[in-house]
Structure formats: structure tokens, C-alpha cells
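Before any comments, here is the structure.
Any value given below was found using the heavy atoms of this structure, including those in side chains, with hydrogens, waters and symmetry copies removed.
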Amino acid sequence: MKHLRKTLALFCLAAVAVPMVAQTHQRTIYDSTTVVMEESGLSHIYKHQRIRMEDRTGCRDNGVVRADYDPQSAMVEIRDVVVHRKNGKTEKINAEVYDYIAPARSIYWKSSQKMVEVGHLEPGDELEFTTYKKGFTYALLIDEADDDKFIPPMRGHYYDIVPFWTSHPVDVRVYRLSILKSKSLNYQIYNDDTDEAKQIKVDKKNAGDRWIYTFTKSNIEPFKSEQMMVAASDELPKLLLSTAPDWQSKSRWFYGVNEDYGSFVATPEMQQKVNEILRPAKTEFDSLNLLTHWVADNMRYAGLTMGKGEGYTLHNAKMNFTDRCGVCKDKASLLIAMLRAAGFEAYPVMTMAGSRIDRIPADQFNHSVSCVRLRNGRFQLIDPTWVPNVRELWSSAEQQQGYLMGLPDGADLMFTPVSAPENHYIRINGKSEITKDGTLKGYFAITAEGQSDAAVRSVFSARQSEWERNLELELLRIAPQARIIEVRHTDNDHYLDQPVTISYRYEIPNYAVVADNELIFTPITARNLFRRAMSELNFDEKIESRQYAFRDRCSRLVQIEESITLPQEYKQLHFQPVYGVANPAASFGCQYMFEGRKLIFAETVMMGKRVYEPEDWPYVQACVRYQKLLANNPVVLTK
């Protein structure tokens, strides 16, 4: 069907939303958006803004009026650009409108920008402009005549996500929607102020055969971002609107779009490759693992405009198998086709990497993955985009994340569970000796699994000729005077065979201070070797409290143990006091113990989630603080 060939180019690089930082370089006097929806779903969007420059930075940032759009799905006009000078004069800007391809990285579709140069501005000047846009933001499948290409993929429906937060002060922001009474609008306001006077005001008016909804918020102050907080849209005021009745209808539509388009029909060449890949498979998991990682490792990530298939409709199997190049939806599509060729029941999935999906069925998606029904009847999520060189089928960097499967009978919105920390362990085991002149000689090995395996293995992401240098730098970063005798590691080309293990033999002169009655040093394994795999150390433990939820890369378990032979026997040990932490969100424990002339050091850190609530911070903070204390403060042994 004709309307099923139009689709949103929503599946792109799984970007992580970066919270804005409070600024005072400009103030928005008013920011108004009016949307008029037609029966078909086509929308006309009128924007009107007036901005006052507070300083030179604000003047610089507003020297050009920009309007983003994709010519395959929308048209945009910049209208009525006016500067109100602080001396009371008004200047109408009649400059040429430029139309350029928008800057891009990794995804080179047809996104464009129209721009008007405003010229010189002074603090106190006010810039006022209006824009008109017809259509929607994302790229359509193909160009078509008249207004058809501006109609959204779910014909007859409208959806939007409206932020009511900002990086600078806003006196008033208004969002107005004119919609036919024959349409049923679902809307919800999230994360609004607890003070009723500051909340978004809602008004609904009768206008003949239409309803006019108006949402207004006044005196919006910029918020202060917190280190490693979740996406701003998860915590700050926003409005979601949709005429789709529920997620099940969206799921059925997504399934039908791709089946009607024939996205997953295998070619004879593909079937032959599937048979070849599966020859060594002995179990159901073997088959899934081999096919997923073949697609992950053999299809380059790069978004090029390929004609039909830019959007919710996934490029077909023949194109993907031939080109071996595409974005997340293309990788997902090829894997589904290959799974079906192997006899599996597989379907496409929409998800949102980096921020939360809420209950209103608006288009809160930026990433596409796959799912397969196992023999036990359960569905398994698979992500060929995020698992190159990762020993998982589904990246646990995507835990606590919303997703919607495209199934023939429909599916509801679901969320990925927390992955147990022990699935992502880091184990460092060492054996060393301190000589009478303070030289440290020894051996340690690091092994890891899951996302921690991927983090440790990232030391090999450079050219193979640089591996030796990169491995040496992991130790030299801690002890620049170290002499590395030998480094061994597992075969990185066959990462599915076993978890990564890297071992070092080393000698570090002048590492410890040896005096008549005392010995001063820090166990080498306590100094956060391969910090790249312990992203919790990126948290600033000096932050005393948090207002917003925050996130780490993944849950993890860190286990460290080292046996250190001392130059003589000591009786007492002194070190910076640390205390045990025991909480499901995060826990910490460490121990020093004498065994004759040996000192045994052990440390355990458990990070229980990927996304944390503000009340989890004291436990995470304590774990990070103690981990850094052990790394940066030596122990003192006395006789």
C-alpha cells in the first residue's frame, strides 16, 4: 500500500542525550508553537520567538537564524526576521535565505538547514522571527508529488514530544495544537514543578469541528546539570502527545510495514552464507551467537541515503547483504533475515538508547534492534549494532531501557532488566615481592566478562602494531619507572571463545620506601589497573547530594586480590580508614591480612545498576571514594 512506503528515518546512531548547562547569555521573551493537524496526519507548524541578548555570547549565538528540516519529509520557511534595537529602533532583516546540507557524522542522509544572517547584535537588542514548517522531522522512504510526502508514516495520526525546559531563561513558552474532533488525543505532562503556580497550564477550547489545546508555562529558569545525570528529558518538564490509541497498535503497525515491504526475504546467496556460518553450531545459543556476531562484525556502520527504506521500513535483505553497510536498522534487518533463513522466528524492535520511553505512544525511539523467539517460547533481544567485539548478544549497556517489539498480534512497551553485576566481572589477581632496596617484582593478571570484557578488550581497538605499546601504557600510567618483562593475552581475533585475560610480569625499581622499622607502599593491584573498565571512577565523589537520577555504563563486579612477599616480617599495618558499604545499589569491602612475611590484600566493589536514583548516591559515592583512597594513599607497615 502506498502509505506504508512512507517511513520515519528514526533509527540512526544511538545518541546519548546531553543535559544542557544553565546559561544567562540570552533570555527568551516568548516562544510560541502552533500546530494545525489535517485529517491525513499532515501538520502545519508555525513558530514565533523573541529573544533578548544579555551579553556578547548571546549576540554571537544568535547571529544566524536556523531552521532544520529534511527535504524528503518536510519543507520549511524562515519568515519575518526583525531586530528590535535597545535604542527603540526596529530593523527588518531582508537578507538572503541560504539552504545547506546540515553537518553530519556517521549518518549522511539529507538533513538540511535554512539560514538567515542577522548581522551585528548588541547586548539589549531583541531578535524576533517566525518560521513555517510543513511535514515532520524525519526522512521519508521516497520523494512523492504534492503533500503526500509530508504525511507521517502512521497515516491519520499525530505525535510530538515537547520540552518545557531550556538552557536559558524563558518568560513564556506556549504550545498550541488544533486537531479535528474526530481524532482522539492522548497527552501527558511529565516531571512538572511541584509548585502549582509554576506548572504547565492546560486549556481546551471548542472551535467548530476542532479542539484547540493550549499548553503554557511561564518563568522557566535554566536548570543546572549534574555530572553523569540521565537525559534531561527523563527529569525535566515535557509534554507528550499522540493520537495513536496504545503501544499495541504501534507494534502491529511496525510489524505490518516491514512485512508488506518484504524487508526480511533471504536471497539464495544469503541462505548459503547462513548455512556456512552455522556449520559449527551445536545448540540454539550457538546459532544465535554465530549469526549475531557475524552481522555485528561484518557490516560497517555508516548511514548513506539508499532510497527506499530510510525510516521505520527497514532496508531489504538483498541490499543489506550486498552492501554490508548501514545504520542500526540495517544491521537489525539483516540479522532478522538471516535468523529466519536459519529457521528462527525473528522480528524488528524499536528502542530508545540514552533516555526513558514513557507511556504515551509518541515516537520516543532512536535505535533499532532485533528479537527472536526461543524454543522455550520466550523472546530474546539481540543488538548487532552494539555488540561488535562484545561477548553478549544484547549489550548490557542497554539495561533498564524501554523497547517495543513489532509483532503480528501487537506488544506492549517493555523494559530490559538489570543485568547482574557478576555477569560483568573484573578480576585482578597478583603475586609480588618487595626487595630490601624497595624494588617491586611480580605478576598480575586481569580477566573480565560481559561489558567489562569489552572495556578491557578496548585496549586492542587500535592497529595491531600499537597493541604492545597500549598494553604497556596501562601499567606505565601507574608506575612510569616500571620495566615490563612480559605481557600475554588471549587471542583477540576469537573473542567468542573465552573471556579476555591479560597478564603482566614486571619489575619496578624504587617502588617502596624501606626503612629500618617501617615499609611504605601501595599494592599495585589497588591502583585501579585498567581503569577503562571501571567507569564508576568517573563519578565525582565530592558531590554531596543529587537532585536527578544518574547513570554508569553498566553494572559490574570488581574483585582484586594480591599476595605481597615482604623483605622482612612486620607486625602492624596503618592505612587511610575505609568502611564497608552494603547496599543493593552499590557495595564495597577491603581487607589487609598478614601471613608471616606475606601481606594479603583483597578488595571487592559491586555496582548494582546502570541507572541510579538520587537516593542511591550516598552508597555509590562511598564506594568510589574508598576505591580512590586505596589507590592514592600508601599503607605503612611497622615492626
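- Within a 6.0 Å sphere centred on NZ of K86, other residues, nucleotides and ligands contribute more than 12 heavy atoms.
- Comment: D31 engages R173 in a salt bridge, judged by a side-chain N to carboxylate O separation of less than 4.0 angstrom.
- Look at E259 and R340 and you find a salt bridge, because one of the NZ, NE, NH1 or NH2 atoms lies within 4.0 Å of a carboxylate O, short of that distance.
- Side-chain contact between M350 and F254 is present, with at least one heavy-atom pair separated by less than 4.5 Å.
- Between K89 and E91, no side-chain nitrogen of the basic residue sits less than 4.0 Å from a carboxylate oxygen of the acidic one, so the salt-bridge criterion is not met.
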Test H48 against T130 for side chain to side chain donor-acceptor pair (under 3.5 Å), laying out the working first.
CA-CA 4 Å; H48 186 186; T130 60; over 6 Å; no
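- A salt bridge between K183 and E39 is present, with a side-chain N of the basic residue lying under 4.0 Å from a carboxylate O of the acidic one.
- The number of heavy atoms from other shown groups lying within 6.0 Å of CZ (R553) does not exceed 12.
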Working for salt bridge (Lys or Arg N to Asp or Glu O under 4.0 Å), residues D68 and R66
CA-CA 7 Å; D68 295 310; R66 292 181 178 85; over 6 Å; no
What side-chain donor-acceptor pairs closer than 3.5 Å can you find for residues 215-223, not counting sequence neighbours?
from	atom 1	to	atom 2	distance (Å)
K217	NZ	D192	OD1	3.1
K217	NZ	K198	O	2.5

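- Close placement of the F539 and F550 rings is indicated, their centers lying within 6.0 Å of each other.
- Ring-centre distance between W211 and Y187: not below the 6.0 Å cut-off.
- Open room surrounds NZ on K47; 12 or fewer heavy atoms of other groups in view lie less than 6.0 Å from it.
- If you look at W617 and Y612, their ring centroids are not closer than 6.0 Å.
- We find that D409 and R252 are not joined by a salt bridge, their nearest charged nitrogen and carboxylate oxygen being 4.0 Å or further apart.
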Walk me through it: do D616 and K609 pass the test salt bridge (Lys or Arg N to Asp or Glu O under 4.0 Å)?
CA-CA 10 Å; D616 295 327; K609 305 179 186 178; 2.8 Å; yes
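- Using a 3.5 Å distance cut-off with no hydrogens or angles, the side chains of H367 and D383 do pair a donor with an acceptor.
- Using a 4.0 Å cut-off between charged nitrogen and carboxylate oxygen, K92 and D80 count as a salt-bridge pair.
- Salt-bridge check for E122 with R85: failed, with every basic side-chain N at 4.0 Å or more from each acidic carboxylate O.
- A cation-pi arrangement is absent between K331 and Y301, since the terminal nitrogen or guanidinium carbon is not both under 6.0 Å from the aromatic centre and inside a 45° cone about the axis.
- Between R27 and D171, at least one side-chain nitrogen of the basic residue sits less than 4.0 Å from a carboxylate oxygen of the acidic one, meeting the salt-bridge criterion.
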